[in-house]
Structure formats: C-alpha cells, structure tokens
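Report on one structure; see the data block that follows.
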Amino acid sequence: MQLIEYPALAAHAARYAELEMEPLRVTAVLRANAQVAHYDYPHLENVLAWAVVQEATTGRGLPPREGAAYRLPLPLRPLWRSPDGWPLWASTPLLPIGDQATDVIYWHKRLFPGRWSGVKRGKFVPNPTA
C-alpha cells in the first residue's frame, strides 16, 4: 500500500518533529448521555490523527484514495517503523471508567418463510424495518 504525503499536513509534521516528548495520562470526558459505539476501544493515536486532519484541512477531511493511505503526523513518538514507513505509535487504548452498556445484534443466514424477510421464495434478504 502506498503512503501519500498530503501538503496541508506538512506544517504539522515540522511542528511535531521538534517537540520534546514525555509520558502523559489523557482523560477524555464525554458530554452527558453521549453514545459511543465501538467494537474496540478508541486509541489515542486515532483521536489525535482525527484532530490533526480536522485542523489541517479546516474540517474538510482528506479525499478518499483507493489502495493508498495518508502519512499523518502525530505529536507522538513512534516506537518502530516498518521498512515501508508504517509507524507503531507509543500509545494505548482509551479505557472507559464508570458505567458501560453493551448491545449485540445477530443476523442469521437461514431461509425464513417470507413473513419477515419480504420474500416468499428465492434468496433470503432481511428487511431491517419489518
């Protein structure tokens, strides 16, 4: 996969390259009744990458590129880089403290008689609003 250098991010890369790094603890407080749905815990480098892109592009984001990824500068020290330049950041997942709720939905691939699927014969196509 190709890594793309995006011009709007160059100033951030230069600014972060000169930072002195030190360990820190990050606490994120969500607004009341915020609903965050995820399969894995969010990682600090992902939150920082989103913030850097939003700031550098004034909220427009990066254009999608098929088969390529953007090199995103982060104010983190990489622990390691692959021969292709992919970083392994010195970061950990953000673990929630306090009340959490779980929600699971199951889709079964088995033919129903048509009462809920909307078909009487042929391929099963679930109707999520029925």
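As the structure is a prediction and not an experimental result, all values here were calculated from the model.
For the atom pair CD (E66) and CD (Q2), the distance works out to 12.5 Å, reported to the nearest 0.5 Å. Residue Q54 holds its CD atom at 8.5 Å from CG of L62, rounded to the nearest 0.5 Å. To the nearest 0.5 Å, the span separating CH2 on W86 from CG on L3 amounts to 4.5 Å. The distance from the OH atom of Y16 to the CG atom of L76 is 9.5 Å, given to the nearest 0.5 Å. Rounding to the nearest 0.5 Å gives a distance of 3.5 Å between CZ of R65 and CD1 of I4. Summarising the geometry, atom CZ belonging to R77 is positioned 13.5 Å from atom CG belonging to L88; distances are rounded to the nearest 0.5 Å.
Between the Y70 side chain and the P63 main chain, a donor and an acceptor come within less than 3.5 Å of each other.
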For the pair V52 and L72, evaluate side chain to side chain contact (heavy atoms under 4.5 Å, CB included) and give the outcome as yes or no after the intermediate values.
CA-CA 8 Å; V52 167; L72 300 177; 5.8 Å; no
Before you tell me yes or no, could you show the steps for L48 and E45 under side chain to side chain contact (heavy atoms under 4.5 Å, CB included), namely the whole-Å CA-CA distance, both residues' side-chain angles and the distance that decides it to 0.1 Å?
CA-CA 5 Å; L48 289 173; E45 66 267 25; 5.6 Å; no
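Using a 4.5 Å heavy-atom cutoff, the side chains of H12 and E55 are in contact.
Residues W80 and M21 fall into different hydrophobic clusters, defined by Ile, Leu, Val, Met, Phe, Trp and Tyr side chains chained together at heavy-atom separations under 4.5 Å. In the hydrophobic cluster analysis, where Ile, Leu, Val, Met, Phe, Trp and Tyr join through side-chain heavy atoms closer than 4.5 angstrom, L19 is grouped together with L44.
The heavy-atom pair separating P78 from P87 by the smallest distance is CB-CB, 4.2 Å.
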